[in-house]
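Notes to accompany the following structure.
Note: hydrogens, waters and symmetry copies are ignored here, and every other heavy atom, side chains too, is used. Throughout, numbering of the chain's residues begins at 1 and tracks the sequence. Quick caveat: nothing in here was measured; it's all calculated off a predicted structure.
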Amino acid sequence: MSAPTSTAPETARTVRQLPLVPQAVAIVIAIALWWLVTTVLVAPDSLVRDFAPQYVFPAIIDLFARGVLLPDTLASLWRLLVGLLIAATLGIPLGLLIGLNPLVERATMPIMQFLRMISPLSWAPIAVALFGIGHQPVFFLIAAAAIWPIVINTAAGVHGIDQGYLMVARSFGATRLELLTTVVLPAIRAQVQTGLRVGLGIAWVVLVPAEMLGVRSGLGYQILNARDQLAYDQVMAVIVVIGFLGFWLDWAARHLLRERRRPVSVEEADRPL
């Protein structure tokens, strides 16, 4: 029999590259359908033609070249980060308190379920009345959107801890602080990371309409600004940028927040238990 022509490294490299092929094909099909709907299937004088990809992608380049896109993107990302930090600072301790104290959980559950079912954007008039026009209402709305996934996932992580671990720690005389830092927090790490990722996605969705409350920068503001100028190609360009950034924010969150395991060496694997 003849030896196989393909080597193991080449096979592994091919397998790693294959998942990109259907993704690339799907993107091409989506852009083709976008072009078809906005160029071929509409009247020549329709405003929908301004949303076509052949106008949108040059508009993205133009916004970047004029120094508009990058500052607005950085402003939106800064507001997102601040709002998410507020949500995490409040949500993780609250989730720990609810998960560790059954009495607090029973007392706060009706109020928490009531508040989390309210759309964050419903608080917009109250946020403007409380904080005025500026960054503070945006911070408030982002935090109000992101806090509940963090609270719920943190509390669920505490509920999922094996009680045997807690009993062993108590039997060794662990204090409440030691119990929290050595048992509870490491055990709920994955749930907290999930809450942060879900909160990030919700916060990004809320950010754009929140930036339409009177601020003078950000991607949401830029959509309104382009609409007022009847520059619909720029409106669609900013929408495309929002989707692109949202995709990479989720990708970064998945890779940065996922649990990293230290690789086990051959000597450690062969070591008897």
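Annotation: the span from Ile92 atom CD1 to Thr154 atom OG1 amounts to 5.5 Å, rounded to 0.5 Å. Rounding to the nearest 0.5 angstrom, the gap separating the OG1 atom in Thr108 from the CZ atom in Phe114 is 15.0 Å. Here the straight-line distance linking atom CZ of Arg106 with atom CG of Asn101 works out to 8.5 Å at 0.5 Å rounding. Distance check, rounded to the nearest 0.5 Å: CZ of Arg49 to CG of Leu41 gives 10.5 Å. Interatomic distance, CZ of Arg79 versus CD of Gln136, reported as 10.5 Å (0.5 Å rounding). A distance of 6.5 Å separates OH in Tyr55 from OG1 in Thr39, rounded to the nearest 0.5 Å.
The minimum heavy-atom distance linking Glu211 with Leu219 is given by the pair OE1-N, 3.1 Å. When every heavy atom of Leu141 is checked against every heavy atom of Ala210, the shortest pair comes out as CD1-CB, 3.8 Å. Residues Asn153 and Gly195 approach most closely at ND2-CA, 3.6 Å, considering heavy atoms. The two atoms that bring Ile60 and Ala237 nearest to each other are CG1-CB, 3.5 Å, heavy atoms only. Minimum interatomic distance between Ala88 and Pro93 (heavy atoms only, all atoms of both residues): O-CD, 3.8 Å. The nearest pair of heavy atoms linking Ile188 to Val158 is CG2-N, 3.5 Å.
No side-chain heavy atom of Thr38 sits less than 4.5 Å from a side-chain heavy atom of Val56. Taking 4.5 Å as the limit, every side-chain heavy atom of Gln234 sits out of range of all side-chain heavy atoms of Val68. Asp250 is not listed as a side-chain neighbour of Leu200, based on a closest heavy-atom distance of 4.5 Å or more. Two residues are said to be in side-chain contact when any heavy atoms from C-beta on lie closer than 4.5 Å; Ile98 and Met112 meet this criterion. By the 4.5 Å heavy-atom criterion applied to side chains, Asp50 and Leu230 are not counted as neighbours. When side chains are defined from C-beta on, Arg197 does not count as touching Gln193, because their heavy atoms never get closer than 4.5 Å. In this structure the side chain of Leu130 never reaches within 4.5 angstrom of the side chain of Phe140, judged on heavy atoms.
Note on Met212: it clusters hydrophobically with Leu77, by side-chain heavy-atom contacts below 4.5 Å among ILVMFWY residues. The same ILVMFWY cluster, assembled from side-chain heavy atoms under 4.5 Å apart, contains both Leu224 and Leu245. Val138 and Leu90 fall into different hydrophobic clusters, where Ile, Leu, Val, Met, Phe, Trp and Tyr side chains are chained together by heavy-atom contacts under 4.5 Å. Residue Val25 is not grouped with residue Val28 when hydrophobic side chains (ILVMFWY) are merged at heavy-atom distances under 4.5 angstrom, including chains of intermediate members. Connection of Trp34 to Ile239 is established within a shared hydrophobic cluster, with ILVMFWY side chains joined at heavy-atom distances below 4.5 Å, either directly or through further cluster members.
Without hydrogens or angle criteria, Asn225 side chain to Tyr221 main chain gives no donor-acceptor distance under 3.5 Å. Between the side chain of Ser217 and the backbone N or O of Ala75 there is no donor-acceptor pair closer than 3.5 Å. Panel note: side chain Trp123, backbone Pro137; no donor-acceptor pair is recorded below 3.5 Å.
Note on ring orientation: taking the six-membered ring where Trp is involved, the planes of Phe51 and Tyr232 are tilted (angle from 30° to 60°). Using a 30° and 60° split on the angle between ring planes, His135 and Phe139 fall in the parallel class, below 30°.
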ask   = After noting the C-alpha distance and the side-chain angles of Asp233 and Asp62, does the key distance pass the side chain to side chain contact (heavy atoms under 4.5 Å, CB included) rule?
value = CA-CA 11 Å; Asp233 55 340; Asp62 179 64; over 6 Å; no
task = Might you work through the side chain to side chain contact (heavy atoms under 4.5 Å, CB included) test for Ile133 and Val128, ending with a clear yes or no?
result = CA-CA 6 Å; Ile133 300 298; Val128 173; 3.8 Å; yes
task = Apply side chain to side chain contact (heavy atoms under 4.5 Å, CB included) to the pair Val192 and Ile150, showing each step before the final yes or no.
result = CA-CA 6 Å; Val192 172; Ile150 298 174; 5.5 Å; no
key: Full working for side chain to side chain contact (heavy atoms under 4.5 Å, CB included) between Leu207 and Ile242   = CA-CA 10 Å; Leu207 170 67; Ile242 291 171; over 6 Å; no
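Among the candidates Val238, Val241, Leu69, the single residue satisfying the side chain to side chain contact (heavy atoms under 4.5 Å, CB included) test with Gln222 is Val238.
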